[in-house]
Amino acid sequence: MIRKILFLLPVLFVFFACKDDDENGFDVPVEFRKISFEPVPGGAVMRYRLPDDMNIFGVRARYNDAYGRQLVKEGTYLTDTLLLNGFAEARTNEPVRLTFLNNNLEESAPLEMVFSTADAATVALFDNLTVNPFWGGFNVTYTSPSVVEGTVHIFYVGINPTTKREDNILVGSYPISEGGDTLNFELKQALDELKVVVRTDDFEGNTVKTQIYEGIDALAMEMLSPDQFSFSFPSKLKIEDEEHEIGVKYLFDGQKKGANYRKNYQRGSSDRYKFGTFVAGPNAFGERFIIDFGTPKVPAMLRGDAFLYHGNAYPYANPNYPNPGIDMFVATIWSAVYTSRLPAKIKVYGTNSANPNTVSLGECALLYTLDEDPGWATFYSYAWCRFSDYQYGPVDWAKDAYKNKDDNTFEAADPISLDMKCNYSGEAFRYIFFIVEDTWMSSRWSNQYPYGFEENANEYITFDELEVFVKMEN
């Protein structure tokens, strides 16, 4: 009996040894051990090489993310990288268990390794995030890595209008932008000093980081009267035509919304082409329109105004074929579409150079940028002047026309304005200038939809009124 037991022991030993080998899976080929990890924002990229063995189908990685959840990532022979994500702050020596998969999806014996990660965008943006005073509010400027995911939420501490108590009031939530962004906020509450809260979440809704910024000054601006600055631009662009009431003086006469134009056409057909406004051109794109303060001031805003929708027709004629029955001056100035002279792309600069006409733009401070797609579809849906004087815009061509409304209704209407608020650095400039780079398309020819038709090949520009604001001095 004892001899039989002794005989069975080696057999049992072999049986259990084989069972253990089955549980551990097949061996890890040597080629699979050539693995590297590259830290990237929010995780790591694992680079691997599958062996040439056609029985090997893929690779599987098991690890825990920043929230303790076990994640499983799988790669196949179709690629050689695997993204291990799910992290916020940079980490080192994070463990990962790697296995091969054969064609039966059986796993090999595990290989234990470690990897490191870099800060995710939800963390990294705080490294270069600043909250700055802005006109009537504040702005948030940040930079972020090239790999971005997550959302940034901006709050300020104010009075909750519902509870009447101090609260964090959300002013915006935005996907984190690759490379960074500048976000401007105008507040309805008047506060002497601001406290701003910035919070980031990942795309799964997990709060990653919150930071508070205090002591942000609230900036106030004041409008200058036209006698407090001078305005100049190249003489070749000046149009002074009193017969049609077009000239520089109308840019600073305090009349908005096309008030001069309305007054004139109400007098009768003989005055219907007296516009009481400012137009410059031709070839005004890329030229500098300069405001000289005389002494350096901190610029706050330029406000350019446009006509309301009056509903009158602007004549058109081919300038190469003059039509004696049409006012060719008016047809050339407007080309049938008033809004085609309003900016879709415009930049504002500041400089203290001795000659603002010739100083390199690279040496100037870029204070404001409007960079819209000038196409018709963008105009109709988003343009700052989409409700201006064009019957094919998003207006009711008859019901909305101010030529059919009384004076009280016209006076009560809000102006159509482009508020070019200047980035604030505290620096004062003697000169600021704007450059128009493009204007809006029209829909006059339906076969050009959706981009629209170029009505302004001669590059005219217009504003009905221009107001200049600087930082209010205490």
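Note that the CZ atom of Arg341 and the CD atom of Glu459 stand 10.5 Å from one another [nearest 0.5 Å]. Atom-to-atom distance recorded for Asn184:CG and Phe134:CZ is 3.5 Å, nearest 0.5 angstrom. With rounding to the nearest 0.5 Å, the separation of CZ in Arg62 from CD in Glu112 is 10.5 Å. Here the CG-OG1 distance, from Leu183 to Thr141, works out to 7.5 Å after rounding to the nearest 0.5 Å. With values rounded to the nearest 0.5 angstrom, Glu467 atom CD is found 7.0 Å from Ser417 atom OG. Taken from CG in Leu367 to OG1 in Thr351, the straight-line distance is 10.0 Å, to the nearest 0.5 Å.
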Show me the donor-acceptor pairs within less than 3.5 Å that the side chains of residues 289-300 make with the rest of the protein, sequence neighbours left out.
| from | atom 1 | to | atom 2 | distance (Å) |
| --- | --- | --- | --- | --- |
| Asp292 | OD1 | Gly294 | N | 2.8 |
| Asp292 | OD1 | Arg430 | NE | 2.8 |
| Asp292 | OD2 | Arg430 | NH2 | 3.0 |

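Taking 4.5 Å as the limit, every side-chain heavy atom of Val198 sits out of range of all side-chain heavy atoms of Thr210. Taking the side chain as every heavy atom from C-beta outward, Glu106 and Phe100 never approach each other to under 4.5 Å. The shortest distance between side-chain heavy atoms of Leu82 and Tyr48 falls below 4.5 Å. Here the side chains of Leu170 and Ile154 are not in contact, with every heavy-atom distance at 4.5 Å or above. The closest side-chain heavy-atom distance from Glu89 to Asp119 is below 4.5 Å. Looking only at side-chain heavy atoms (C-beta outward), Ile216 and Glu214 stay at 4.5 Å or farther from each other. Counting heavy atoms from C-beta on, the side chains of Phe138 and Val140 come closer than 4.5 Å. For the pair Ile461/Phe285, a side-chain contact is recorded, criterion being any heavy-atom separation below 4.5 Å from C-beta on.
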Evaluate Met113 against Leu98 for side-chain contact (heavy atoms from CB on, under 4.5 Å), listing each step before the verdict. CA-CA 8 Å; Met113 301 192 76; Leu98 306 173; 3.8 Å; yes

After noting the C-alpha distance and the side-chain angles of Glu455 and Ser340, does the key distance pass the side chain to side chain donor-acceptor pair (under 3.5 Å) rule? CA-CA 6 Å; Glu455 303 282 4; Ser340 69; 5.9 Å; no

Starting from the C-alpha separation in whole Å, work towards a yes-or-no answer on side chain to side chain donor-acceptor pair (under 3.5 Å) for Gln228 and Ser225. CA-CA 6 Å; Gln228 293 178 289; Ser225 61; 3.2 Å; yes

Apply side chain to side chain donor-acceptor pair (under 3.5 Å) to the pair Asp202 and Tyr67, showing each step before the final yes or no. CA-CA 12 Å; Asp202 62 25; Tyr67 306 99; 3.3 Å; yes

Steps toward ring-ring contact (aromatic ring centres under 6.0 Å, His included) verdict (Trp376, Tyr451): CA-CA 5 Å; Trp376 169 249; Tyr451 194 69; over 10 Å; no

Take Tyr431 and Asn352 through the side-chain contact (heavy atoms from CB on, under 4.5 Å) test and state the conclusion after the steps. CA-CA 6 Å; Tyr431 305 100; Asn352 286 310; 5.8 Å; no

Going through the distances and angles, do Met301 and Tyr368 end up as a side-chain contact (heavy atoms from CB on, under 4.5 Å)? CA-CA 9 Å; Met301 180 175 71; Tyr368 171 85; over 6 Å; no

Steps toward side chain to side chain donor-acceptor pair (under 3.5 Å) verdict (Thr439, Asn456): CA-CA 7 Å; Thr439 52; Asn456 196 15; 2.9 Å; yes

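The aromatic rings of Trp334 and Phe307 are tilted relative to each other, their planes meeting at an angle between 30° and 60°. Using bins of under 30°, 30° to 60° and over 60° for the plane-to-plane angle, the ring pair Phe185/Tyr174 lands in the tilted bin.
Closest approach of Val96 and Ala61 over heavy atoms only: CG2-CB, 3.9 Å. Among all heavy-atom pairs drawn from Asp464 and Gly258, the shortest one is OD2-N, 2.9 Å. Minimum heavy-atom separation, Glu372 to Thr378: OE1-CG2, 4.3 Å. Nearest heavy atom pair, residue Phe379 against residue Gly393, reads CE2-CA, 4.5 Å. A pairwise comparison of heavy atoms in Val208 and Val123 identifies CG1-CG2, 3.6 Å as the closest pair. Considering every non-hydrogen atom in both Tyr349 and Ile435, the closest pair reads CE1-CD1, 4.0 Å.
The side-chain hydrogen bond (donor to acceptor under 3.5 Å, both in side chains) contacts involving residues 380-399 comprise Tyr314-Asp389, where partners must be two or more places apart or lie in separate chains.
With Tyr156 as the fixed residue, the side chain to side chain contact (heavy atoms under 4.5 Å, CB included) test singles out one of Asp167, Val171, Val131: Val171.
Taking the six-membered ring for Trp and the full ring otherwise, Tyr309 and Tyr402 have centroids separated by 6.0 Å or more. Taking the six-membered ring for Trp and the full ring otherwise, the centers of Tyr213 and Phe155 sit at least 6.0 Å from each other.
For Ser144 (side chain) and Ser177 (main-chain N/O), a donor-acceptor pair under 3.5 Å exists by modelled atom type. Between the side chain of Thr200 and the main chain of Thr122, a donor-acceptor pair closer than 3.5 Å is present. In this structure, Thr369 contributes its side chain and Asp371 its backbone to no donor-acceptor pair below 3.5 Å. The backbone N or O of Val337 sits nowhere less than 3.5 Å from a side-chain atom of Ser335 that would complete a donor-acceptor pair. In this structure a side-chain-to-backbone donor-acceptor pair under 3.5 Å is present from Trp135 to Cys422. For the pair Thr130 (side chain) and Asn132 (backbone), a donor-acceptor distance under 3.5 Å is absent. Here the side chain of Tyr63 pairs a donor or acceptor atom with the backbone of Asn85 at under 3.5 angstrom.
For the pair Lys257 and Phe410, the distance from NZ or CZ to the six-membered ring centre is under 6.0 Å and the angle to the ring normal is within 45 degrees. Remark: Lys209 is positioned above the aromatic ring of Phe126, its terminal NZ or CZ atom under 6.0 angstrom from the ring centre and at most 45 degrees off the axis.
No more than 12 heavy atoms of other residues, nucleotides or ligands sit less than 6.0 Å from atom OH of Tyr77. Heavy atoms of other residues, nucleotides or ligands lying less than 6.0 angstrom from CZ of Arg69 number more than 12. Sparse packing is recorded around CZ of Arg97, with 12 or fewer heavy atoms of other residues, nucleotides or ligands lying under 6.0 Å away.
A salt bridge links Asp201 with Arg199: at least one charged nitrogen is closer than 4.0 Å to a carboxylate oxygen. Remark: Lys405 does not engage Glu411 in a salt bridge, criterion side-chain N to carboxylate O under 4.0 Å. Ionic pairing of Lys195 and Glu166 is not present here: no N-O contact between side-chain nitrogen and carboxylate oxygen is shorter than 4.0 angstrom. A salt bridge between Glu465 and Arg303 is absent, with no side-chain N of the basic residue lying under 4.0 Å from a carboxylate O of the acidic one. Taking the charged nitrogens against the carboxylate oxygens, Glu74 and Arg60 do have a contact shorter than 4.0 Å, which makes a salt bridge. Between Lys345 and Glu437 there is no salt bridge, since no side-chain nitrogen of the basic residue lies less than 4.0 Å from a carboxylate oxygen of the acidic one.
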